[in-house]
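FYI, the numbering just counts along the sequence from 1. Everything numeric in this text was worked out from a predicted model, so none of it was measured.
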Amino acid sequence: MQRPTKNFSRSWRSGVTLMLLSASIFFMAGCDKQSNRFQMTIDRVDELNGMILKGISISGTVETGCIANDDAFVVTRNGKEIHQNTVRVLNVKDLQDPDNFNGEVYIGDYVTLYIPDGKKQDIQSGDILSSNTISCDKAAARK
């Protein structure tokens, strides 16, 4: 029986290196998708009974990711989905340039969102708002 040649040894090492590189790229791509996930814990719910805005507003600080007007979101309580809707940003606390607001909110922003026709008892402080539908421009994220 012949011993493996150096070429076999090199191609075996190249194959292992290629597999490790592929696994690393796959892992990094999965991590990047997870980092895009938006999450905010709701800390305030207010009822809106105005002539124009009827429903509820929900407020909290963005914990992860970014989200923009018209992105889909879900609200969960104790791991169970209790509400679905699309984003309508009412207010961003301490917004630096309100005249150029593009409807996107980022980590650290304290935001108020509008839920038309929502009822105050539907959503509570401590509920989690999250989204995997991210359309905001991450390159333009405010510091």
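A heavy-atom distance below 4.5 Å is found between the side chains of L113 and V89. In this structure, the side chains of C136 and I67 stay at 4.5 Å or more apart for every pair of heavy atoms. In this structure the side chain of K93 never reaches within 4.5 angstrom of the side chain of S59, judged on heavy atoms.
With a 6.0 Å radius and a threshold of 12 heavy atoms from other residues, nucleotides or ligands, R44 has its CZ atom at or below the threshold. More than 12 heavy atoms of other residues, nucleotides or ligands lie within 6.0 Å of CG in D97, so this atom counts as buried by the packing criterion. Residue-environment remark: NZ (K119) stays at or below the threshold of 12 foreign heavy atoms within 6.0 Å.
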| request: Given side-chain contact (heavy atoms from CB on, under 4.5 Å), test V62 with F38 step by step and report yes or no. | output: CA-CA 8 Å; V62 177; F38 173 86; 3.4 Å; yes

| task | Please test I115 against H83 for side-chain contact (heavy atoms from CB on, under 4.5 Å), starting from the C-alpha separation and ending with a verdict. | result | CA-CA 10 Å; I115 299 179; H83 187 82; 3.5 Å; yes

| Given C66 and E104, is the side-chain contact (heavy atoms from CB on, under 4.5 Å) satisfied, shown in steps? | CA-CA 7 Å; C66 57; E104 299 176 357; over 6 Å; no

| message | Applying side-chain contact (heavy atoms from CB on, under 4.5 Å) to N85 and F73, what does each step give before you reach the verdict? | response | CA-CA 6 Å; N85 216 313; F73 71 83; 3.5 Å; yes

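By the criterion of side-chain heavy atoms lying less than 4.5 angstrom apart, applied directly or through intervening Ile, Leu, Val, Met, Phe, Trp or Tyr residues, F101 is not grouped with Y114; the two fall into different hydrophobic clusters. Cluster membership for I42 and V92, using ILVMFWY side-chain heavy atoms within less than 4.5 angstrom, is shared. In terms of hydrophobic clustering, with Ile, Leu, Val, Met, Phe, Trp and Tyr side chains grouped at heavy-atom distances under 4.5 Å, L53 and V45 are assigned to different clusters. A continuous path of Ile, Leu, Val, Met, Phe, Trp and Tyr side chains, each step under 4.5 Å between heavy atoms, connects L95 with V105, placing both in one hydrophobic cluster. Cluster annotation: V75 and L90 are assigned to distinct hydrophobic clusters (Ile/Leu/Val/Met/Phe/Trp/Tyr, side-chain heavy-atom contacts under 4.5 Å, transitive).
For the pair R77 and I123, the tightest heavy-atom approach, listed with the atom from each and the gap, is NH2-CA, 3.8 Å. In this structure, D122 and I82 approach most closely via the heavy-atom pair O-CD1, 3.6 Å.
Between M40 atom CE and D127 atom CG the span is 10.5 Å, to the nearest 0.5 Å. Expressed to the nearest 0.5 Å, how far NZ of K54 lies from CG of N49 amounts to 6.5 Å. Taken to the nearest 0.5 Å, the CD atom of Q39 stands 7.5 Å off from the OG1 atom of T76.
D46 places no side-chain N or O within donor-acceptor distance of the main-chain N or O of S57, the cut-off being under 3.5 Å.
A donor-acceptor pair shorter than 3.5 Å can be found between the side chains of D71 and S135.
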